[in-house]
There are 2 protein chains.
Amino acid sequence: MRQALHDAIETLNRLETMDALSNGVLGLKELLEVDHVVFHAVNHSGDQYVSATYSAQWQEHYRAEDLTRIDPVVKASRTAIRPVNWNQLDWSSKAARGFLSDATDAGVGSQGLSVPARGPQGQFAILTVSHTIAAAAWDRRVEAMTDDLQYLTQFINGKALELYGPRDEPSLPSLSPRESDALAQLALGKSRPQAAEALGISEHTLRVYIESARLKLGAKNTIHAVARGVSLGLLAI
Amino acid sequence: MRQALHDAIETLNRLETMDALSNGVLGLKELLEVDHVVFHAVNHSGDQYVSATYSAQWQEHYRAEDLTRIDPVVKASRTAIRPVNWNQLDWSSKAARGFLSDATDAGVGSQGLSVPARGPQGQFAILTVSHTIAAAAWDRRVEAMTDDLQYLTQFINGKALELYGPRDEPSLPSLSPRESDALAQLALGKSRPQAAEALGISEHTLRVYIESARLKLGAKNTIHAVARGVSLGLLAI
DNA sequence: TTGCGCCTCCCCCGAAACGGGGAGTGAACA
DNA sequence: TGTTCACTCCCCGTTTCGGGGGAGGCGCAA
């Protein structure tokens, strides 16, 4: 399977459009021998990019109801270091059980594994495989495929970012070390007087750096500048 | 080499302390057949964690001069999707050339490859291997080792986060969807009136969500709350 | 039935931030 | 030599923020 995986990755690597990549992702269903495969990039300027083998009906329902806001899989994956086995999610709330029930009715699969991947500018994506199978059998398959899926997910995410990326941030801003320091101090919770003191400069000087950084980031205000700095990975916090 | 890599990862996986992981990282130098290996976690509450085979003198100099602020490798890796070959960095500025000169004098190695890795809460780390070799020969080695290094880096980063993580964020906050929405709108650059309008609520209501989210995040002010929300991956932006 | 969380809305006032403006020095580069 | 960038500092009026307070309805779980 590992050689087939490597071949699949080489094939994916040659693709040059998001549509082709999307089709390539859908094709992984046979290779991975699961009911469904989903690549779900949650952050792209607030938009979402989904490539899934789920039914069009379920995908439309998910989108229309904005289920990303309450999807326990997305919630858990956002803060996960390792891949998330659906078995280990908290399904205790009524909303989560309702969601799972609706999803199962829609043919999503009773078991799943979701692998998070992150990009340099705060982008976040999940590769999910799901299957209808007994929990114990699924756990064994999960143990066998986790390493390969992590590599596959990093690769697909990297490829998606490369294909999509130039539109995200045509020209990534560069902050001077002091500009970065100024925003970082604010991001760490310091007030302006405290930030100025921490950096050994006056509040007036700090303000100049904040303003300059704000303009470079194309931000509308200081909160926006800090948010962009953090999500672009420009602040050492 | 791949079987040896897999064995090394299994050994690393059994480690239970950061010191042991650090020693394990140092030991990768022989396996990878390079002059130096460095695991450099740049974000841990603003602190840095470094495990490197560089000389103690260079490490102390790097720390004392806070060279992370100007290190072109760190700068490029922060925003990189793929591993960064030092050959492809911008060494044109005097500061960058001075840095490279000092580093080379300190025995760092003339060529390097740096692999970025990210954590769910905005953590950022780099696994760097460096070697003194001709550029063309290095490029060939890079091509051969990139996939393995990406997997190795994700693994070490994940392990480091697991070992270190409980101290980072003992209890990860959970925001209600509306709280998250409120901060997300601010993070996207909207003023409070605009954010309220976008969400279809009053400014007073928005303020309640901002305050509530701020308390849950343990933030000192709104900027801090947004920064934490973004870096913790809690905001869909 | 009670308590809690989420979502919704309002008021006052002092402190802080913002938006506009002004200025300087030193180093590096064309 | 002139320009640009980074780093440094100051003023003032207006706007926004944050800390304090108040209130309601709805749904869910114990």
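All figures in this text were calculated on a predicted structure; none of them were measured in a lab.
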Salt bridge (Lys or Arg N to Asp or Glu O under 4.0 Å) contacts in which one or both residues fall within residues 133-143 of chain B, not counting sequence neighbours: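 Residue pairs passing salt bridge (Lys or Arg N to Asp or Glu O under 4.0 Å), neighbours aside: none found.
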Residues which pass ring-ring contact (aromatic ring centres under 6.0 Å, His included) with His224(A), listed by chain and number, not counting sequence neighbours: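 Residues passing ring-ring contact (aromatic ring centres under 6.0 Å, His included) with His224(A): none at all.
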To the nearest Å, how far apart are [X] [atom1] and [N] [atom2]?
{"X": "Lys220(A)", "N": "dG19(C)", "atom1": "NZ", "atom2": "P", "value": "13 Å"}
{"X": "Asp181(B)", "N": "dC6(C)", "atom1": "CG", "atom2": "P", "value": "13 Å"}
{"X": "Glu211(B)", "N": "dC9(C)", "atom1": "CD", "atom2": "C1'", "value": "15 Å"}
{"X": "Ile223(B)", "N": "dA17(C)", "atom1": "CD1", "atom2": "P", "value": "8 Å"}
{"X": "Ile210(B)", "N": "dC7(C)", "atom1": "CD1", "atom2": "P", "value": "14 Å"}
{"X": "Leu215(B)", "N": "dC6(C)", "atom1": "CG", "atom2": "P", "value": "13 Å"}
{"X": "His224(B)", "N": "dA17(C)", "atom1": "NE2", "atom2": "C1'", "value": "18 Å"}

What does the list of N/O pairs under 3.5 Å between the protein and nucleotides 5-11 of chain D look like, with a distance for each?
from: dA6(D); atom 1: OP2; to: Lys216(A); atom 2: NZ; distance (Å): 3.4
from: dC7(D); atom 1: OP2; to: Ser176(A); atom 2: OG; distance (Å): 2.6
from: dC7(D); atom 1: OP2; to: Arg178(A); atom 2: N; distance (Å): 3.4
from: dT8(D); atom 1: OP1; to: Arg178(A); atom 2: NH2; distance (Å): 3.4
from: dT8(D); atom 1: OP2; to: Arg178(A); atom 2: NE; distance (Å): 2.9
from: dT8(D); atom 1: OP2; to: Tyr209(A); atom 2: OH; distance (Å): 2.7
from: dC9(D); atom 1: OP2; to: Ser202(A); atom 2: N; distance (Å): 2.8
from: dC9(D); atom 1: OP2; to: Thr205(A); atom 2: OG1; distance (Å): 2.7
from: dC9(D); atom 1: O5'; to: Thr205(A); atom 2: OG1; distance (Å): 3.3

Hey, does Asn221(A) reach any base, or is it just sugar-phosphate, or nothing, if we go heavy atoms under 4.0 Å?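 Asn221(A): no heavy atom of the nucleic acid under 4.0 Å.
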Looking across every strand, which nucleic acid part, if any, lies under 4.0 Å from Ser191(B) by heavy atom: base, sugar-phosphate, or nothing?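 The answer is nothing, as Ser191(B) stays clear of every strand by at least 4.0 Å.
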Looking at Ser130(A) and Asp35(A), would you say the former's side chain and the latter's main chain have a donor-acceptor pair under 3.5 Å?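 Checked: no pair found.
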Using a cut-off of strictly less than 4.0 Å, decide whether Arg214(A) has a side-chain nitrogen or oxygen near OP1 or OP2 of dA17(C).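 So the side chain of Arg214(A) is outside the cut-off, no N or O lying under 4.0 Å from OP1 or OP2 of dA17(C).
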Presence of salt bridge, Glu197(A) and Lys190(A), under 4.0 angstrom: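 No salt bridge links Lys190(A) with Glu197(A).
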What are the two closest heavy atoms between Ala195(A) and Gln185(A), and how far apart are they?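 Scanning both residues, the minimum pair turns out to be CB-CB, 3.6 Å.
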Within the 3.5 Å criterion, strictly below it, is a donor on His36(B) or Thr53(B) matched to an acceptor on the partner's side chain?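 His36(B) vs Thr53(B): donor-acceptor pair found between side chains.
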